[in-house]
K.L.:
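Right, I'll just put the structure down here and ask away after.
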Amino acid sequence: MKILVAVKRVPDTTVKLKLKPDGTGVVTDGVNFEVNPFDVIAVEEALRLKEKAGGGEVIVATIGSKDATQQLRHGLAMGADRGILVVNDDDNAIDADVVARTLKAVVAKEQPTLVLVGKQSPDGESNQVPQMLAEHLGWPQATFASKVVVAADKASAEVTREADGGLETLSVRLPAVISADLRLNEPRYASLPGIMKAKAKKIDEFTFESLGVAKAPKVTAVGFFAPPERKAGAVVASVEELVNKLKNEAKVLG
Amino acid sequence: MLDLFAIEELLSPEERMVRDTVRAFVDAEVMPCIVEHYRAGTFPKHLIARFGELGLLGANVKGYGMPGLSSTAYGLILAELERADSGIRSFCSVQTSLVMGTILLFGSDAQKSDWIPRLGRGEAIGCFGLTEADAGSNPGAMRTTAKRTKSGWLLNGSKRWITNGTLAEVAIVWAKTDDGVRGFLVTSNTPGFTARVMHGKLSMRASDTAELFFEDCALPEGALLPASLGLKSALMALTQARFGIAWGAIGAAIGSFECARDYAVTRVQFAGRPIASHQIIQQHFAEMATEITKAQLVAWRLAELKDAGKMTPVQVSLAKRNNVRMALDVSRRAREILGANGVCDDYPPMRHAANLESVYTYEGTHDIHTLVLGKALTGIDAFA
C-alpha cells in the first residue's frame, strides 16, 4: 500500500511570533521551525498502516523552501521511505488552492492508494487543503479522522470522525484523502538510528513548472495585524460599584 | 534555551533533530517522574526500554546496528538528559562510555558481538567497577585481585560507588593480576558475586549506586578483556566518559538557569516589581549566562577535536573541571534566586546542585583534574 503524506514546515508552535513592522508577514529570523503537529500525526498513521499491511511505501511531500527538507527529514527519520519537495520560496505567494493543485500533480505522479494530511496547520489555520485536494482529484474525503481502519482488500477504509455531538463513522472507497485530527494516534519520536538512516533516503525536487501547476493563487494575504492589546483590569471597592459599572459602563446588565 | 553565542548555527540538521527528539522525550517522559524517584531514592527503571528504543544507549557507537552519531550529537543528548537529572545522564554515560566503550576498546570480537547490541537496546545493563573503598583518586591502590586458575580466573575483592551496580547484568571489573591491572566481564549470576544498594545518599538519589562484592568468583577465560593492559586502559575508558560529563553538566546548569529566570521575572517583592529588576539578581544572571556560554563553547570544540581524533586527556580534564564547577556554581546561584522556595523539590536547582556535588567528585575529582592540568602546564607531577 502506497501512502502519500503531505507535511508543512511551520513556526514552532510554542513560541510567540512577532509581526514584521510593515505588516507583510511574521518575523522568521531566529524562529525555530517544525513539522505541523497534525501532519506528524498523519505520518504516524501512515507508518502504522504500512506496518499493519506488512509492506508498502510511505512518501512525505512538502511545498516550501529548501529549508523545508528538514521537515521532510523528520518524516523520513520517523520511518517514511522517501520525500518529495516542491520548491517554493514564498509561502505568502500561494494559497490553499495552489497547494491542493500541486498535491494533485504529485498524486498523479505517484498514484498512492491513500493521501493522509493533518487537518490544518497552526500557522494558516485554514483547514482547506484536504477538502480541495479531494475535490480536484474527484476522490472521497474523510476529515478530522480519529480512527482509520483499512479493509483487508484495500478497496475501502472505515474512518471515525470527531463531530461536535459525538463520533461519526464513514466508509470511503480508496483511493481517498483523509485528514488527521489530534486524537488519531500518539506519534513516535524520530529515533536516533532513524535520524541517521534518514540522511541516506531520497528526496526528489520539483518545481511548479515541472509539475505543470500554475502558481496562480485565488486568495492573497493583504495584511497582518496583531490583535489590540488588552487593557488592564480595574479593582472595584464594593458590590454596588461593580453592579453600577456593569450597568452603565459595560452595559451587560439591564 | 540559553544560546547567546548561536551554537545552534554550528549544529548539523541531524544534530538538531537528535537534540529535539531527546528534548521532547525528556520533557514528556522524564520530567514528570523524576522528582518522585529522587524522593524515593530509586532509579526510574521503566525508562530503560525507552532509552533503548530511541537509540540513546551507545548513540555514538559505530557498527553493531548502533546509530553512530557525531560526538556533538552525543553530547547534546547528555545535556538534555542532565537537564532532567544528573542520575539519568549518569545511567546513559555509564552504559555508553564506560561499559560499551570499554568493551569496544579492549574486548574480543566475541565479547563485542555478545554484548554491544543487547546493551544498546537496553536489554542488558552494565556497570563499571574501578573505585574501591580505599582506592578512589588513587585506583592503583586497589585490592581486588584476579588469580589465574586452570580454567580461567578467580576473582576476590570489592568495589564501591558503582553506578547501575544492582541493575547490571554485567560488571566490568578491574583487578590486579600477575601482569598488572586487567579488566574482566563479570555477569551478575556468577556465584560469589553480590551487589548491594548504598543507602543514605544526599545526592544522585535517582541513581542506582552500589557496592559490589566478589568472593572466590570463578571466571572463564573468556571473561578477560584481552586488550586491557594496565591501569591506563581503565583511564582511557574514563577519558571518554568525562567527555560526556563536560557536556551533560551544561544541561543541569541550563535547567537551573531557566528555572531561576522564569521565577525571577514573575516573583514580585518591593513595590510591585519583579525581583529580576534588582541589580544583584541581574548580576547573577549575567554571571550565569557568561559561564554557561563559555562552557558550551568548550564542550562544542572538544567534540570537534574528539571526532577529528585529536582530543587529549588534558583537554578533557580542563573541560570536565571547568564545566562541572560552572554547573555547580550556576545551580547554587539559581537556588539562591529562588529564596526559600529554592529548598523545595518543586524546583530543580537544589536537586541539580546536590547531584553536581557527586559529579564534581566522580570521574576524577575537581582537584585531581587541577593537578592533571598543573602537570601538563609545568611539566612537574604533583604526585611524584
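Side chains included, hydrogens not; waters and symmetry mates left out as well; all remaining heavy atoms used. Each chain gets a letter, A, B and so on, in the order its sequence line appears, and its residues count up from 1. Computed from a predicted structure; not experimentally measured.
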K.L.:
Looking at B:Leu69, B:Val22, B:Ile77, B:Leu56, which makes the most heavy-atom pairs under 4.5 Å with chain A?
P.N.:
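The option with the most such pairs is B:Leu69.
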
K.L.:
Which region of A:Ala77, side chain (C-beta onward) or backbone (N, CA, C, O), has a non-hydrogen atom less than 4.5 Å from a non-hydrogen atom of chain B, or is it both or neither?
P.N.:
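The answer is the side chain of A:Ala77.
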
K.L.:
Measuring from atom CZ of B:Phe51 to atom CG of A:Leu192, what distance do you get when rounded to the nearest 0.5 angstrom?
P.N.:
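B:Phe51 CZ to A:Leu192 CG: 12.5 Å, rounded to 0.5 Å.
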
K.L.:
Say you draw a straight line from NZ of B:Lys62 to CE of A:Met196; how long is it, rounded to the nearest 0.5 Å?
P.N.:
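The distance works out to 7.0 Å.
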
K.L.:
Is B:Arg50 in contact with chain A via its backbone, its side chain, both, or neither, using a 4.5 Å heavy-atom distance?
P.N.:
side chain

K.L.:
Output the option from B:Ala73, B:Gly55, B:Gly65 having the highest count of non-hydrogen pairs under 4.5 Å with chain A.
P.N.:
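The candidate making the most pairs under 4.5 Å is B:Gly55.
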
K.L.:
Counting only non-hydrogen atoms closer than 4.5 Å, does B:Glu53 touch chain A with its backbone (N, CA, C, O), its side chain (CB onward), both, or neither?
P.N.:
backbone

K.L.:
Got more than 12 heavy atoms from elsewhere within 6.0 Å of CZ, B:Phe5?
P.N.:
no

K.L.:
Return yes when atom NZ of A:Lys215 has more than 12 non-hydrogen atoms of other residues, nucleotides or ligands closer than 6.0 Å, and no otherwise.
P.N.:
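Yes, because the 6.0 Å sphere around NZ of A:Lys215 holds more than 12 heavy atoms from other groups.
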
K.L.:
What I'd like to find out is whether the side chain of A:His74 reaches to under 4.5 Å of the side chain of B:Asp20, using heavy atoms alone.
P.N.:
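A:His74 vs B:Asp20: side chains apart.
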
K.L.:
Other residues, nucleotides and ligands only: do more than 12 of their heavy atoms fall within 6.0 Å of NZ on A:Lys2?
P.N.:
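Yes - once you tally the heavy atoms of other residues, nucleotides and ligands closer than 6.0 Å, there are more than 12.
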
K.L.:
CD1 of A:Ile195 to CZ of B:Arg16: how many Å apart, nearest 0.5 Å?
P.N.:
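Between A:Ile195 CD1 and B:Arg16 CZ, I get 13.0 Å after rounding to 0.5 Å.
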
K.L.:
Quick one: CD on B:Glu14 to NZ on A:Lys199, what's the gap to the nearest 0.5 Å?
P.N.:
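NZ of A:Lys199 is found 4.5 Å from CD of B:Glu14.
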
K.L.:
Using atom types as modelled and distance alone, determine if a side-chain donor or acceptor of B:Thr21 lies under 3.5 Å from a backbone N or O of A:Tyr189.
P.N.:
no

K.L.:
Evaluate whether atom CD of B:Glu9 has more than 12 neighbouring non-hydrogen atoms of other residues, nucleotides or ligands under 6.0 angstrom away.
P.N.:
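Counting other residues, nucleotides and ligands, CD of B:Glu9 stays at 12 neighbours or fewer.
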
K.L.:
Would you say that more than 12 heavy atoms from the other residues, nucleotides or ligands in this model lie under 6.0 Å from the NZ of A:Lys202, or not?
P.N.:
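Incorrect, the count does not exceed 12.
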
